[in-house]
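One structure is given here, and the rest of the page talks about it.
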Amino acid sequence: MAFTSRRPAIFLDRDGTLIEDRGYIRLPSEVVFYKDTITSLQRLNGRYLLFIVTNQSGIGLGILKHEDVERINNHIVKIFAQEGVTISAVYYCPHMRDQGCECIKPTPYFILKAAQEFHLDLSRSFAIGDHPHDVEMAKNVGAQGIYLVTGHGQQHLHELPSGVSVAGNMEEAIDMVLNRDSPSQKKTGIIGQAAEIIKRGGIVAFPTETVYGLGANAFNPLAVARIFEVKKRPYFDPLIIHIARPADLEKIVLNIPSKAKKLIDRFWPGPLTLVLPKRQEVPDIVTAGLPTVAVRIPSHSIALELIELAGCPIAAPSANLFGYLSPTTAQHVREQLGDEVDLILDGGPCEVGVESTILSFLEKRPRLLRPGGVSLEEVESIIGKVEIDPVKEERPSAPGMLARHYAPRTPIVLEWSDKDLRSYEGKKIGLLAFQEPVHCLKFDHAEVLSKKGDFREAAANLFAAIRRLDAMKVDLILAEPVPEVGLGRAIMDRLRRASHKGR
Ligand code: TXA
Ligand code: MG
């Protein structure tokens, strides 16, 4: 399934990186490849998806036309194709750099768009270019930037922050890409530092494919207690344990029912959490004294590397204050928990954007405790019917199922129609639309979750969009319901809780 097969990519600048920078060129005959461009990219053997991301301010300046730029881009893609090098997409920014646009800086829109459309793992991706903004934009999305001293590279070398990888030419840059996994780098790198903190009993915020987690060594009750303090989370709310390999399950659970095994084979690593009978060694503070434990293998490579290097299972709830929306960027974590955590690993925006699906295996038939990143339909296609009605009990077994949860400050209204709008007169209203908003209505702010009505895209945008509306200080957020199929079920679940209505 798609979540398990996210691929790394390389974003290549065009002028001064792939081809000589000869100013505002219009004709294929003006294109001069550096001599190592093609042979270097061939060495990647298709292991990375390749994109060209280029600034063509000549258009903004009125010197070039779109068709001039496209003619050159098509020519380059064609030559590459003839040499067995596939370019997945070419993005060009027509704006002048000093005008500041969102194509490339500060949040590189093109990279985020590619990540979504091509299902990329940005934490394993690179941007290569001869301008400091190329490495900067990589950093902003959790990818790695490699700065080239070809093209304008020499000229801006002094502007580079320290610690940036610098290569003399494309061949050296590709060497760096291919060597990136050397074990010595891992230990000294930032993930290695985070792992040391976990080993010493500290707490680290880290990206997963669903939302950011706040992690501690699951077998260190004192470290886990700090998570509850920092989040202001009640102790009756148990945590999910994150492991890196299925074999680690044995340290945590007593047995694995056959249906659970099937789901593990199919969906791990990925956004599915299983609630199973716990081993006695798992501290009570992790499970809130329950005889069961929630566990999953996340698919984000930073999360996996952190768990591997820490050498222990990591207990982690979402890295937000209790009751508030889960964070889907490192910045969200900084805003809420900032100094209280020992380190925040930045892996860019989370791909899935809603929390994992939680399934319990306590009864004969598995029960859905929380809809999430793996849809009910996908689960049922593997193990058959699943109970979906919540068990009625005083103490909720999954407080993530508390009616009011994942809530912003601003009230969210989910059930409304056009005619209610009159009664909101004089109020500042934000709209949270699933697809393109109905244009006849006038709102102070509108957020569109997915223009093309794609659930996956909508889920990935959901929490950040609600946060933005919350920050706009509107009096009310009107949310548009989405169809309750596939990931739409998780989206509606979070919207209901955010609207204080529960289910
Ligand atoms: O996607 C996710 O699941 C994220 C990332 C960080 O992995 N984590 C997450 O954790 O959403 P948290 O703590 O915010 O939500 C975990 C939910 C809670 O509602 C908790 O009650 C439930 O899992 N849970 C944990 N252990 C349980 C257990 N033994 N039985 C039933 N529910 C449990
Ligand atoms: Mg949470």
Side-chain angles (χ1 to χ4, degrees), residues 5-22 28 31-54 72-92 108 110-111 114-115 117-139 141-154 157 160 163-186 188-189 191 301-302 304-305 348:
S5 59
R6 293 183 314 137
R7 299 179 60 186
I10 303 179
F11 295 92
L12 299 153
D13 172 45
R14 194 188 88 180
D15 303 344
T17 298
L18 297 175
I19 62 172
E20 286 182 16
D21 193 342
R22 301 199 160 190
V31 170
V32 181
F33 285 95
Y34 288 113
K35 70 173 185 341
D36 58 343
T37 298
I38 290 171
T39 49
S40 303
L41 295 179
Q42 283 170 336
R43 285 168 57 211
L44 293 167
N45 253 331
R47 272 196 274 166
Y48 289 78
L49 291 188
L50 301 179
F51 297 90
I52 297 178
V53 179
T54 170
I72 303 288
N73 291 346
N74 292 341
H75 173 72
I76 293 174
V77 170
K78 198 173 110 200
I79 299 284
F80 278 154
Q82 285 165 0
E83 300 292 338
V85 174
T86 306
I87 301 292
S88 297
V90 182
Y91 303 102
Y92 65 89
F110 292 138
I111 294 191
E117 281 177 14
F118 292 86
H119 221 65
L120 305 179
D121 181 350
L122 290 181
S123 66
R124 290 190 289 142
S125 298
F126 294 82
I128 303 179
D130 68 321
H131 196 278
H133 79 222
D134 296 314
V135 283
E136 216 175 299
M137 71 180 184
K139 196 184 97 216
V141 293
Q144 198 176 313
I146 300 179
Y147 185 75
L148 285 188
V149 293
T150 50
H152 289 296
Q154 281 295 351
L157 198 51
L160 276 186
V164 166
S165 312
V166 178
N169 52 34
M170 187 58 83
E171 185 159 12
E172 277 180 39
I174 298 304
D175 284 342
M176 288 178 179
V177 168
L178 295 173
N179 287 335
R180 108 209 121 87
D181 270 336
S182 78
S184 59
Q185 264 179 7
K186 275 192 180 172
T188 53
I191 306 176
S301 64
I302 294 183
L304 290 171
E305 199 172 322

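- Taken to the nearest 0.5 Å, the CD1 atom of Ile302 stands 11.0 Å off from the CZ atom of Arg124.
- Defined by atom type and a distance below 3.5 Å, a donor-acceptor pair is missing between the side-chain atoms of His131 and Asp13.
- Among all heavy-atom pairs drawn from Ser165 and Gln144, the shortest one is OG-NE2, 3.8 Å.
- Within the 4.5 Å cutoff, the side chain of Leu50 has no heavy atoms near those of the Phe80 side chain.
- The distance from the NZ atom of Lys35 to the CE atom of Met170 is 12.5 Å, given to the nearest 0.5 Å.
- Here the CD1-CG distance, from Ile128 to Leu148, works out to 6.5 Å after rounding to the nearest 0.5 Å.
- Nearest heavy-atom pair, Arg22 versus Val32, reported as atom, atom and distance to 0.1 Å: CZ-CG2, 3.4 Å.
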task = Step by step, work out the side chain to side chain contact (heavy atoms under 4.5 Å, CB included) result for Leu157 and Tyr147.
result = CA-CA 9 Å; Leu157 198 51; Tyr147 185 75; 3.5 Å; yes

message = Would Arg47 and Leu178 count as a side chain to side chain contact (heavy atoms under 4.5 Å, CB included) here? Give the steps.
response = CA-CA 10 Å; Arg47 272 196 274 166; Leu178 295 173; 3.6 Å; yes

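- Listed here is the closest heavy atom pair of Ser123 and Ser301: OG-OG, 2.6 Å.
- Using a 4.5 Å heavy-atom threshold, the side chains of Thr17 and Thr54 count as separate.
- Heavy atoms only, all atoms of each residue included: Ala173 and Ile146 are closest at O-CD1, 3.7 Å.
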key: Evaluation steps, side chain to side chain contact (heavy atoms under 4.5 Å, CB included), between Ile19 and Thr37   = CA-CA 8 Å; Ile19 62 172; Thr37 298; over 6 Å; no

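- Counting only heavy atoms from C-beta outward, the side chains of Val90 and Ile76 never approach each other to under 4.5 Å.
- For the pair Leu12 and Leu41, the minimum side-chain heavy-atom distance is below 4.5 Å.
- Listed by chain and residue number, Arg180 satisfy the side chain to side chain donor-acceptor pair (under 3.5 Å) test with Tyr48 (two or more places apart in sequence, or in another chain).
- Every residue meeting the salt bridge (charged side-chain N to carboxylate O under 4.0 Å, His left out) condition with Asp175, not counting sequence neighbours, appears here in chain and number order: Arg43.
- Rounding to the nearest 0.5 Å places CG of Asp130 at 13.0 Å from CG of Asn169.
- A heavy-atom distance below 4.5 Å is found between the side chains of Arg14 and Asn73.
- One N or O on the side chain of Gln42 and one on the backbone of Glu83 form a donor-acceptor pair closer than 3.5 Å.
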inquiry  = Apply side chain to side chain contact (heavy atoms under 4.5 Å, CB included) to residues Tyr34 and Thr150 and explain how you reach the verdict.
reply    = CA-CA 9 Å; Tyr34 288 113; Thr150 50; 4.0 Å; yes

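- Asp36 contributes no side-chain N or O that, together with a main-chain N or O of Thr39, makes up a donor-acceptor pair within less than 3.5 Å.
- Between Ala143 and Ser125 the shortest heavy-atom distance is CB-O, 3.3 Å.
- When every heavy atom of Val141 is checked against every heavy atom of Leu122, the shortest pair comes out as O-CB, 3.7 Å.
- Within the 4.5 Å cutoff, side-chain heavy atoms of Ile38 are placed close to those of Ile79.
- Ring geometry, Phe11 versus Phe51: the interplanar angle falls under 30°, so the pair is classed parallel (tilted spans 30 to 60°).
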